[in-house]
Student: 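Have a look at this one.
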Amino acid sequence: ELLKAGLTPAQVQAGGLESALNLATAGGLDLAKASEIMSTALNAFKDDGMKAADAANILAGTANASATSVEELQYGLSQVSAVAAGVGMNFKDTNIALGLFANNGLKGSDAGTSLKTMLSNLQPSTKKQVAAFRELGLMTADGTNKFFTASGELKNLDQIAGLLHTSMKDLTAQQRQATLETLFGSDAIRAGNILYREGAEGVKKFNGEMAKVTALDVAKE
């Protein structure tokens, strides 16, 4: 079952079975489904260097700290994982975003699609987008994009949410909606709005909440 679901024999040996069982129990899933979610996470986010237990803890912690389930997270992750990992967002930040979205009523594959579209637009490509980025101070005259570090790495989610909040806090609700549509497109307005509202503080608070439990804790409960 585990190997069919994509975990390697080495991952199973290194505690993958135990982690999959903990996640299955914590998330009310069967073992094959839990293994599949974990193996997908480990494969999509290879650069994070996670162990199976890390992936299981992040998933269980996110579900526990939010109004979503591990299964709903899987639907969201199936939409966003490739783009998130490609742009340099780690597994933890991707889950924090999905957890915050769930707390604001955006769940499942919808949440993943909205985040994917937003991440794809963090580098503006149209003239209109570039102008909006510059007006908000998110891009400097020489083309430096504030969402990325000097070496071109995507900043952490708390910094991204903080930038959105700071750059748009003085706009009216109407202006903010129009601006978010220009920046990210109509589908990702939802993601942008939630991260704007949560700001750096909301992300840090959620991070603290999700870190309070492991998959084993939730499974025991």
Student: NZ/Lys220 to CG/Asn22 distance, rounded to the nearest 0.5 angstrom?
Tutor: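 These two atoms lie 9.0 Å from each other.
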Student: Determine the minimum heavy-atom distance between Ala20 and Ser35, stating which atoms define it.
Tutor: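 Answer, listing the atom of Ala20 first, then Ser35: CB-OG, 3.7 Å.
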Student: Check the pair Phe91 / Leu59 against side-chain contact (heavy atoms from CB on, under 4.5 Å), numbers first and verdict last.
Tutor: CA-CA 9 Å; Phe91 187 63; Leu59 288 160; 3.9 Å; yes
Student: If you measure from OG on Ser81 to NZ on Lys116, what distance do you get to the nearest 0.5 Å?
Tutor: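 Rounded to the nearest 0.5 Å, the OG-NZ separation comes out at 11.0 Å.
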Student: Using modelled atom types only, decide if a donor and an acceptor are shared between the side chain of Asn64 and the backbone of Ala60 within a distance under 3.5 Å.
Tutor: no
Student: Under 3.5 Å, side chain of Ser78 to main-chain N/O of Tyr75, donor-acceptor pair present?
Tutor: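 Looks like yes, one N/O pair under 3.5 Å.
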Student: Would you say Asn95's side chain and Thr62's backbone share a donor-acceptor pair under 3.5 angstrom?
Tutor: no
Student: For Glu71, enumerate each residue passing the salt bridge (charged side-chain N to carboxylate O under 4.0 Å, His left out) test, keeping only those at least two apart in sequence or located in another chain.
Tutor: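 Partners of Glu71 under the salt bridge (charged side-chain N to carboxylate O under 4.0 Å, His left out) test: Lys33.
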Student: In the hydrophobic cluster built from side-chain contacts under 4.5 Å, what are the other members alongside Val218?
Tutor: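 Its cluster mates, by chain and number, are Val213.
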Student: Which atom pair, heavy atoms only, marks the closest approach of Asp217 to Thr214?
Tutor: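 Closest approach of Asp217 to Thr214: OD2-N, 2.9 Å.
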Student: Please report the closest heavy-atom contact between Ile160 and Lys155, naming both atoms and the distance.
Tutor: CD1-O, 3.4 Å
Student: How many angstroms lie between OG1 in Thr40 and CZ in Phe45, if you round to the nearest 0.5 Å?
Tutor: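 The CZ atom of Phe45 is 10.5 Å from OG1 of Thr40, to the nearest 0.5 Å.
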Student: Counting N and O atoms only, with roles assigned by atom type, does the side chain of Ser167 sit under 3.5 Å from a partner on the main chain of Leu164, one being a donor and the other an acceptor?
Tutor: yes
Student: Taking the side chain from Lys146 and the backbone from Gly137, do they hold a donor-acceptor pair closer than 3.5 Å?
Tutor: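 Checking the backbone N and O of Gly137 against the side chain of Lys146, a donor-acceptor pair under 3.5 Å is found.
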Student: Is there side-chain contact between Tyr196 and Ile189, with at least one heavy-atom pair below 4.5 Å?
Tutor: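 No, every pair of side-chain atoms sits at 4.5 Å or beyond.
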Student: If I compare all heavy atoms of Leu122 with all of Asn145, which pair ends up nearest, and what's the gap?
Tutor: O-ND2, 2.8 Å
Student: Determine, using the 4.5 Å side-chain heavy-atom cutoff (strictly less than), whether Val87 and Leu138 are members of one ILVMFWY cluster.
Tutor: yes
Student: Suppose we screen for salt bridge (charged side-chain N to carboxylate O under 4.0 Å, His left out). Which residues come up paired with Glu209, at least two apart in sequence or across chains?
Tutor: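 Partners of Glu209 by the salt bridge (charged side-chain N to carboxylate O under 4.0 Å, His left out) criterion, ordered by chain and then number, come out as Lys212.
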Student: Could you grab the distance from atom CZ of Phe206 to atom CG of Asp158, nearest 0.5 Å is fine?
Tutor: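 It comes to 14.0 Å.
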Student: Applying side-chain hydrogen bond (donor to acceptor under 3.5 Å, both in side chains), run through Thr68 and Glu72 and close with a yes or a no.
Tutor: CA-CA 6 Å; Thr68 191; Glu72 272 184 337; 2.9 Å; yes
Student: Heavy-atom count around Glu135 CD within 6.0 Å, excluding the residue itself: above 12?
Tutor: no
Student: So, the side chain of Ser114 versus the backbone of Ala191: is there a donor-acceptor pair under 3.5 Å, distance only?
Tutor: yes
Student: Cut-off 3.5 Å, side chains only: do Asp110 and Gln79 have a donor facing an acceptor?
Tutor: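 Short answer, no.
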Student: Quick one: pull up CE in Met89 and CG in Leu154 and give me the separation to the nearest 0.5 Å.
Tutor: 5.5 Å
Student: Aromatic rings Phe147 and Phe184: how do their planes relate, parallel, tilted or perpendicular, breaks at 30° and 60°?
Tutor: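 Rings of Phe147 and Phe184: tilted, 30 to 60°.
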Student: Could you pull out the closest heavy-atom pair between Ser120 and Val83, with the gap in Å?
Tutor: OG-CG1, 3.8 Å
Student: If we ignore hydrogens and angles and just use 3.5 Å, is the side chain of Gln129 paired with the main-chain N or O of Ser125 as donor and acceptor?
Tutor: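 Looks like yes, one N/O pair under 3.5 Å.
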Student: Mind checking side-chain hydrogen bond (donor to acceptor under 3.5 Å, both in side chains) for Asp170 and listing every partner two or more places apart, or none if nothing turns up?
Tutor: none
Student: Can you list the residues that meet the salt bridge (charged side-chain N to carboxylate O under 4.0 Å, His left out) rule with Asp187, with sequence neighbours excluded?
Tutor: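 Applying salt bridge (charged side-chain N to carboxylate O under 4.0 Å, His left out) to Asp187 gives Arg190.
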Student: Stepwise, does the side-chain hydrogen bond (donor to acceptor under 3.5 Å, both in side chains) test hold for Glu198 with Asn103?
Tutor: CA-CA 11 Å; Glu198 293 287 347; Asn103 285 348; over 6 Å; no
Student: Following the transitive rule for hydrophobic clusters with a side-chain heavy-atom cut-off under 4.5 Å over Ile, Leu, Val, Met, Phe, Trp and Tyr, establish whether Leu216 and Ile37 coincide in one cluster.
Tutor: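 No; tracing contacts between hydrophobic side chains, which count when under 4.5 Å, never links both residues.
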Student: Quick one: CG on Asn57 to OG on Ser19, what's the gap to the nearest 0.5 Å?
Tutor: 7.0 Å
Student: Mind listing the closest non-hydrogen atom pair of Gly202 and Leu100 along with its distance?
Tutor: O-CD2, 4.0 Å
Student: Taking it one step at a time, do Leu183 and Leu136 satisfy side-chain contact (heavy atoms from CB on, under 4.5 Å)?
Tutor: CA-CA 10 Å; Leu183 293 179; Leu136 292 170; 3.8 Å; yes
Student: Quick one: side chain to side chain contact (heavy atoms under 4.5 Å, CB included) partners of Lys92, sequence neighbours excluded?
Tutor: Ile58, Asn90, Ile96, Asn207, Met210
